[in-house]
Amino acid sequence: MKHRLISLIENALLVCREKGLVGGVGLPFIEVEATKDPAFGDYATNAAMVLASSARQNPRQIAQCLKENIVDRDGILSKIDIAGPGFMNFFVRENIWAALLKEVADLGDAYGSLKMGEGKKVQVEFVSANPTGPLHIGHARGAVVGDVIANILREAGFSVSREYYINDAGNQMNNLGKSVLLRYRQLLGETVELPETCYQGEYIKDLAAEIRARDGDIYLRMDPIEAVPILTDYAGKVILEGIIEDLRAFGVTFDCYFSERELYRDNGVERLLKDLEDKGFIYSDGETLWFKTTAFGDEKDRVVVRKNGDPTYFAADIAYHKNKFERGFDTVIDIWGADHHGYIPRMSAAVQALGHNKESLKVILVQLVNLLRDGKPVAMSTRSGEFVTMREVVDEVGKDAARYNFLMRRSDSHLDFDLELAKKQSNENPVYYVQYAHARICSIMKMAQDRGCKIPAFADVSLERLALPEEVTLIKALTRFPDIVEGAARSLEPHRLTFYLNELAGIFHSYYNKNKVISDDQTLTNARLFLVNMVLVVLRNALRILGVEAPEKM
RNA sequence: GCCCCCGUAGCUCAGUAGGAUAGAGCAACGGAUUCCUAAUCCGUGUGCCGCGCGUUCGAAUCGCGCCGGGGGCACCA
């Protein structure tokens with residue numbers, strides 16, 4: 001609907017310009033919004049006011065010209081008002097609304113999917129925690145946000161690939177191997193202290209025990225220089241498998257796991273440095289190699305090869321991003337914890353130095369999560385190994401409630417996650433409110449079928465029977481769904497979908513309480529069954545994007 | 001010191017590619033169930049949109065300066 005109106009306005013503007021009624025050139029961004037107040041019609045545009053300055057004309061006068069030149073071939077409008085400083089308020093003919101449900105019915109599961117992506121290749125990289133321990137609550141938020149952004153983009157018509165970057169080549173991994181070795185030696189009776197830099201969690205002891213069971217005491221006699229890499233490999237592999245399994249239980253999967261080691265294996269980092277050197281972005285101060293990120297707005301240049309000859313993490317990360325673009329992605333989206341925000345300028349600089357548009361890298365920052373229980377903070381300390389894992393949270397509150405909770409806030413705002421609240425199956429927990437609407441409709445459909453009613457097709461519905469104000473409100477909400485997906489895809493903001501779902505569910509619950517769907521009136525029953533079935537379609541489609549179940553019974 | 005995010009109702013937060021009287025949920029109080037799921041619905045009200053200045057026909061939204069909260073400023077990853 002919104003898009004129909006936009007094209008009506010655009011055409012009217014072109015006609016006005018041809019006739020010389022409105023000055024200025026170029027098509028401005030024409031904004032059409034659903035109105036809050038019915039007195040302002042169903043949709044409104046500020047087009048005339050936006051045009052006013054470049055056209056050097058009175059906005060109300062422009063609005064008048066546009067109004068007179070709008071050609072409403074399909075007769076969807078009952079009137080257009082010009083109000084206030086120059087708003088154009090569009091009143092849609094009441095009997096048009098129900099007809100719009102045809103689109104929902106025709107598209108079914110595909111209602112809400114868009115062509116805006118034009119099949120462009122987008123990669124979403126998220127989680128990417130190094131496999132040194134189980135994921136915690138903060139990772140969980142990043143996981144859901146990344147997963148749902150990927151879903152939204154796919155819905156919007158992009159070709160999406162989800163990727164997990166495994167940081168398996170650095171000091172942290174070495175520490176992991178060392179930690180396991182020390183626990184292993186403790187297990188075999190040695191008295192050794194675990195330094196603070198080592199991983200303290202219980203899972204390290206489990207790994208050490210597994211290794212002893214498998215290989216006995218052979219690492220005791222081995223030079224640690226040899227033993228640590230072996231243990232690192234083993235531990236990293238086991239932990240990564242655990243991470244992947246935990247993510248799967250959370251409904252998050254990836255198309256590709258990319259290992260940092262692979263980058264080194266085929267000299268990706270070396271080739272990258274050569275490439276940047278050829279382009280003149282690398283210089284040496286005699287001891288280290290620097291990358292001139294300041295050429296692209298970073299506040300200082302960054303080291304890429306250390307004094308000891310090892311490339312930095314940053315160097316590998318640039319090589320990794322180079323690799324991403326070489327794989328043909330038009331846009332690369334990175335989901336990072338907010339504590340990495342200082343890293344953005346240098347990564348952006350790197351992408352530009354490689355010859356890519358600044359816009360082709362998008363970084364979404366996910367703010368920290370405060371884990372609470374009954375309103376009180378849950379103590380978390382990574383060092384001592386005492387932290388609540390993602391798995392524990394998912395097991396305790398359930399996949400759906402956990403996901404929905406993370407999706408109810410913008411990702412760049414701090415989030416309080418209360419375990420008790422998330423677990424409550426009550427009105428304090430919006431996920432059930434939405435799922436309940438779905439289950440209720442399923443229940444209605446089942447009842448109707450038990451009574452011998454067929455699920456009506458669009459052609460069999462007497463649309464004029466759907467004329468109650470609540471019904472029109474419901475239909476309007478359904479027609480907004482594709483606009484919501486579009487907005488969420490444009491802004492990469494999953495929370496828009498949860499807000500929409502809460503609203504849609506609310507409108508439905510209210511309608512349900514006031515009106516019987518199934519009655520003795522056959523044509524009315526038929527029409528209402530059709531309507532609620534369309535609500536069902538939209539609820540299901542939206543929940544699918546969020547990765548939340550749409551239960552038939554609760 | 002510099003950089004990023006946040007500051008909106010008692011609480012948790014939407015609303016920010018400028019737009020018309022600023023919204024929702026929770027909490028509080030009162031009501032609704034012979035009937036499709038009461039995990040529901042209906043009703044009752046509260047705001048110096050952190051503060052100030054500016055840009056504009058118009059600012060919660062944009063700019064500048066403060067104040068408060070969080071985070072970041074490595075040859076760590």
Side-chain angles (χ1 to χ4, degrees), chain A residues 29 31 33 35-37 39-40 44-46 49-50 52-53 58-59 83-87 89 128-130 132 167 169-173 175 197 260 285 287-290 299-300 302-317 337-345 365 367-368 370 375 408-416 418 421 424-437 439-448 450-451 487 490-491 493 495-496 498-499 502-503 505-506 508-519 525 528-529 532 553-554:
Chain A
F29 175 82
E31 200 178 345
E33 285 184 327
T35 55
K36 311 174 222 172
D37 187 335
F40 299 139
T45 183
N46 61 354
M49 290 179 288
V50 174
S53 63
N58 179 322
F87 287 102
N89 294 327
S128 299
N130 46 14
T132 54
N167 297 147
N171 284 338
Q172 308 285 355
M173 289 304 285
N175 268 341
T197 51
E260 185 183 357
D285 64 3
E287 293 186 311
T288 61
L289 287 186
W290 294 78
E299 58 186 7
K300 54 178 261 197
R302 307 290 171 176
V303 173
V304 281
V305 177
R306 288 184 267 248
K307 207 186 293 184
N308 68 6
D310 288 345
T312 57
Y313 173 82
F314 180 44
D317 213 9
D339 53 347
H340 286 64
H341 76 85
Y343 198 72
I344 296 176
L365 294 177
Q367 277 291 352
L368 302 178
N370 295 318
M408 283 195 312
R409 307 255 180 287
R410 317 166 44 107
S411 47
D412 58 7
S413 70
H414 296 263
L415 169 67
D416 290 336
D418 193 310
L421 214 57
K424 268 188 202 165
Q425 303 198 357
S426 74
N427 53 2
E428 290 168 72
N429 206 338
V431 64
Y432 299 113
Y433 184 75
V434 174
Q435 289 185 319
Y436 187 52
R440 258 186 164 170
I441 298 174
C442 287
S443 169
I444 296 170
M445 302 315 282
K446 187 170 178 304
M447 165 81 64
D450 288 350
R451 293 193 187 175
R490 195 193 61 227
S491 59
E493 290 177 347
H495 75 277
R496 295 188 183 214
T498 51
F499 276 84
N502 286 342
E503 189 184 337
F508 166 74
H509 282 310
S510 175
Y511 174 66
Y512 171 92
N513 271 275
K514 201 167 165 192
N515 304 286
K516 298 285 293 178
V517 173
I518 299 170
S519 66
T525 300
R528 288 183 174 175
L529 275 177
V532 298
K553 244 192 277 183
M554 283 177 74

S.K.: Determine the Euclidean distance between corresponding P atoms of B:A59 and B:C53; express it in Å to zero decimal places.
M.R.: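 Each nucleotide's P atom is 13 Å from the other's.
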S.K.: Just compare B:C73, B:C36, B:A39 and give me whichever is closest to any side-chain atom of A:E299.
M.R.: B:C73
S.K.: Mind checking the P distance from B:C51 to B:U8? Whole angstroms is fine.
M.R.: 10 Å
S.K.: Expressed in whole Å, how much space separates the C1' atoms belonging to B:A28 and B:U34?
M.R.: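 Per the computed distance, 32 Å lies between those C1' atoms.
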S.K.: According to the Watson-Crick and G-U wobble definition with distances under 3.5 Å, which dot-bracket string, read 5' to 3', encodes RNA chain B, using [ ] for crossing pairs and | for pairs with another strand?
M.R.: (((((((..((((.....[...)))).(((((.......))))).....(((((..]....))))))))))))....
S.K.: Decide, applying a 5.5 Å centre-distance limit and a 30° plane-angle limit (both strict), whether A:F87 stacks on B:G19.
M.R.: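 Ring-base stacking flag not set for A:F87 and B:G19.
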S.K.: Given B:C75, B:C42, B:U40, which nucleotide is nearest the side-chain atoms of A:H509?
M.R.: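 Of the candidates, B:U40 comes closest.
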S.K.: Taking only the C1' atom of each, what is the distance from B:U55 to B:C67 in whole angstrom?
M.R.: 23 Å
S.K.: Output the rounded distance in Å from CZ (A:R496) to C1' (B:G15).
M.R.: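 These atoms are roughly 10 Å apart.
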S.K.: Output all residues satisfying side-chain hydrogen bond (donor to acceptor under 3.5 Å, both in side chains) with A:R302, sequence neighbours left out; order by chain, then residue number.
M.R.: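 In terms of side-chain hydrogen bond (donor to acceptor under 3.5 Å, both in side chains), with neighbours along the sequence ignored, A:R302 is linked to A:D298.
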S.K.: Roughly how many Å is it from CZ in A:R409 to P in B:G7, rounded to a whole number?
M.R.: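 To the nearest whole Å, that distance equals 12 Å.
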S.K.: Would you kindly check whether a donor in the side chain of A:H341 faces an acceptor in the base of B:G71, or vice versa, at under 3.5 angstrom?
M.R.: yes
S.K.: Closest to the A:P85 side chain: B:C36, B:C57, B:C13?
M.R.: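 That would be B:C57.
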S.K.: Between the base of B:A20 and the side chain of A:N89, is there any donor-acceptor pair under 3.5 Å?
M.R.: yes
